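It should be emphasised that the depicted structure is a prediction, and the values quoted were computed from it without experimental measurement. Chain letters run A, B, ... following the sequence lines, proteins first and then strands; every chain starts at 1.
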Amino acid sequence: MKSKRFEVLSNKPVNKDGFVKEWPEVGLIAMNSPYDPKPSIKIVNGLVTELDGKCREDFDMIDQFIADYAIDLANAEKVMAMDSKQIAKMCVDINVPRAELVKLTTAMTPAKVVEVIGEMNVLEMMMTLTKMRARKTPSNQCHVTNLRDNPVQIAADAAEAALRGFDEQETTVGIVRYAPFNALSLLVGAQVGRPGILTQCAVEEATELILGMRGFTAYAETVSVYGTEQVFIDGDDTPWSKAFLASAYASRGLKMRYTSGTGSEVLMGNAEKRSMLYLEARCIYITKGAGVQGLQNGSISCIGVPGAVPSGIRAVLGENCITTMLDLEVASGNDQTFSHSDMRRTARTLMQMIPGTDFIFSGYSATPNYDNMFAGSNFDAEDFDDYNVLQRDLKVDGGLKPVREEEVVKVRNKAAKVIQGVFKALDLPEITEAEVEAATYAHGSKDMPDRNVVEDLKAAEAMMARGVTGVDIVKAVKKAGYDDIAESLLGMMKLRVSGDHLHTSAIIDSNFHVISAVNDTNDYMGPGTGYQMSEERWNEVKSIPNAIDASDFE
Amino acid sequence: MVDNAVLEKMIKEVMQAMATQGSKPAAAGGKMTRADYPLSETKADQIKTPTGKALSDITLDNILAGNVTADDVKIAPETLEYQAQIAESVGRDAFARNLRRAAELIAVPDDRILEIYNALRPYRSTKAELLAIADELEHKYGCKMNSKHVREAADVYERRGRLKE
């Protein structure tokens, strides 16, 4: 006989997920591996001669880069002598201010910071995240992509996403040669939704830099770093090439952050017997040492790996914590799809949503998941109402707001029309009235008419070849008759002259005022301190359109 | 066990640093601090493009009239130096160093930046090729820090066997 109960349970979504037992020998362990190195540092005449049990002559590239650039050596010996549990207690102690803790947490080695995190449960890590994130105000980022790289749909979805509250937007491509159109449509569409949205296009490193230099994007994020030397090399880079790239971005007035995540090294077959969290800590230190202002982590595209092992989702929260402890901006994952279970994917997101981070999602899918070209996201457009209700239930600022259908339709229509005008002004293939109409009301690319892909790709290539820049885009928008959007795009371009948005955790409000960890420093020290939802913001969050008003029954 | 005396001393030092830092805008000739941030609001008159235009010159009318081109919408080395000073005033020294390396790279053309980046990738260059790039950065573009960075890469790649054969 088979148990009826077990039959029901075996059909639950969670049992479609993959799980695996720990296997420390290949690095298939979330944290606290018996093979992780013990924390240590030796400094002779200002030079690190031993790091986490390894002598300088045995350093690989990553050890050397971290030892020479990523640790505050002035305080290191003192901090390394402190008890890790004591530091963990200070992380959750509301009476120890962030500014003090940062002096300690930036003066320890990767093995030490992992040991500190290893002392905490998830609630304590969430407390750490609340206290240690760099920017006081939490925010959110979304993905705007579609299966067919349809530019009209990208513009309309970007506008809607901006209206819904995302401060940063990221696109990528199905077909690589569409990249200039995707970047252009996102740039223009987002400004229609709200002035001041930062946009990026995730493609191969060198291409991504070109798009930024030319003024098609405002920031970059897909600059990957890895925790073992061999995997770094397999990723076709070194800490030195990536540090050079970081300076190249800043030299063009472009914001940028690195990307890493637990599980990438074991997935790429070279974890050197270390735990996922220890290797991720090395990535975070590389970011710090390169002088990059922030990092996208939280496993990202490898979430299936930590998601499958015990304490894996805890380790993912741990990596977000370490990023903030090193005083870096964190775009905290909740990115690629990892579970069939709505309960699991919600629980995983609450770890960042409740504490609040610089960007709770580093890619909430602003489209239905079938259009998400980053292999899906943990939350998507079909979860907008659930997310809004979660914010309202818990009185938590997750960065989004409820919107009315008529205002969404209006901004989508305007974005579609503006990109139609821009394509015309730049002599790109026609965007028809039918496409504008479809994009206005579309849910996803299944609702969009086909475009002539061959013609689009040829035009995108030609546009790049003839040297179109951000200034030409501003002119095109003006020519199309949308002075307000032209002014917004100009505002975005002016950012790269002042460089204010290069600073840690920068976002831009609708008046082009930069809000970052310089002028909006997190000062959380317990109840009534740190970020507090304003009355205005709370009214926005709680006003879901389908709430019944008791006075209607009078 | 934690040494409470050491801890207390450190905490006091930090508190003192917090109390003194960033409370006053930079005096003439002084360094920028967080009080000067954002520069686009507090120091708009001091920010110039590399072509010498003021932030207030970047207008829609000037773009349409052709008085402002893509070359004008770029950051100047002086501005990145100011931002580096602000970063230091809030304890972000590594970030400040990156901004100073970036200030040097403004002089290097886009195409050359991309070529140098690719040359720094693993197995792309011999040691001599990397050292030639370091020389070029130093002598042709005046990029001292970046030159040092590339020389260091050449040494590390040699030690770790990551040079072009």
With a 4.5 Å heavy-atom cut-off, do [X] and [Y] have their side chains touching?
X        : Y        : value
A:Phe65  : B:Val156 : no
A:Lys242 : B:Tyr117 : yes
A:Leu209 : B:Ile113 : yes
A:Arg496 : B:Val73  : yes
B:Arg162 : A:Thr238 : no
B:Glu41  : A:Val514 : no

For the [atom1] atom of [X] and the [atom2] atom of [Y], what is their distance to the nearest 0.5 Å?
X        : Y        : atom1 : atom2 : value
A:Leu490 : B:Ile63  : CG    : CD1   : 4.5 Å
B:Leu60  : A:Glu487 : CG    : CD    : 4.5 Å
A:Gln293 : B:Arg92  : CD    : CZ    : 9.0 Å
B:Thr49  : A:Lys494 : OG1   : NZ    : 12.0 Å
A:Leu328 : B:Phe95  : CG    : CZ    : 10.5 Å
B:Leu120 : A:Leu245 : CG    : CG    : 10.0 Å

With a 4.5 angstrom heavy-atom cut-off, which part of [X] approaches chain A: side chain, backbone, both or neither?
X        : result
B:Thr79  : side chain
B:Arg100 : neither
B:Ile58  : both
B:Leu80  : side chain
B:Leu39  : both
B:Val68  : backbone
B:Asp72  : backbone

Query raised in the report: In terms of side-chain geometry, is the basic nitrogen of B:Asp110 or A:Arg252 positioned less than 4.0 Å from the acidic oxygen of its partner?
Result: yes
Under a 4.5 Å heavy-atom cut-off, does chain B meet the side chain of [X], its backbone, both or neither?
X        : result
A:Ala70  : neither
A:Tyr249 : neither
A:Asp60  : both
A:Leu502 : both
A:Ser84  : neither

Considering non-hydrogen atoms only, spot the tightest contact between [X] and [Y] and give its length.
X        : Y        : value
A:Tyr69  : B:Arg97  : O-NH2, 3.6 Å
A:Ser498 : B:Ile47  : CB-CD1, 3.9 Å
A:Ser247 : B:Leu105 : CB-CD1, 3.7 Å

Given the options [options], which has more heavy-atom pairs under 4.5 Å with chain B than any of the others?
options                                : answer
A:Pro239, A:Ala517, A:Gly253, A:Gly470 : A:Ala517
A:Val102, A:Thr521, A:Val497           : A:Val497
A:Leu489, A:Thr469, A:Asp236, A:Thr504 : A:Asp236
A:Gly215, A:Gly289, A:Ala290           : A:Ala290

Query raised in the report: Can you check whether B:Ala87's main-chain N or O pairs, donor with acceptor, with A:His503's side chain at less than 3.5 Å?
Result: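 Checking the backbone N and O of B:Ala87 against the side chain of A:His503, no donor-acceptor pair under 3.5 Å is found.
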Query raised in the report: Counting only N and O atoms by type, is there a donor-acceptor contact under 3.5 Å from the side chain of A:Asp500 to the main-chain atoms of B:Ser40?
Result: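 Present.
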**Report entry** chain A interface, residue from B:Asp111, B:Ile116, B:Thr69, B:Leu99 that has the most non-hydrogen pairs under 4.5 Å
**Finding:**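 Of the candidates given, the most pairs with chain A belong to B:Ile116.
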Query raised in the report: Between B:Tyr37, B:Tyr157, B:Tyr123, B:Tyr82, which residue shows the highest count of heavy-atom pairs closer than 4.5 Å to chain A?
Result: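 Highest number of pairs under 4.5 Å: B:Tyr37.
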Report task. Check the side chains of A:Gln64 and B:Arg160 for a donor-acceptor pair under 3.5 angstrom, ignoring hydrogens and angles. Result ->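 Absent: no donor and acceptor within the cut-off.
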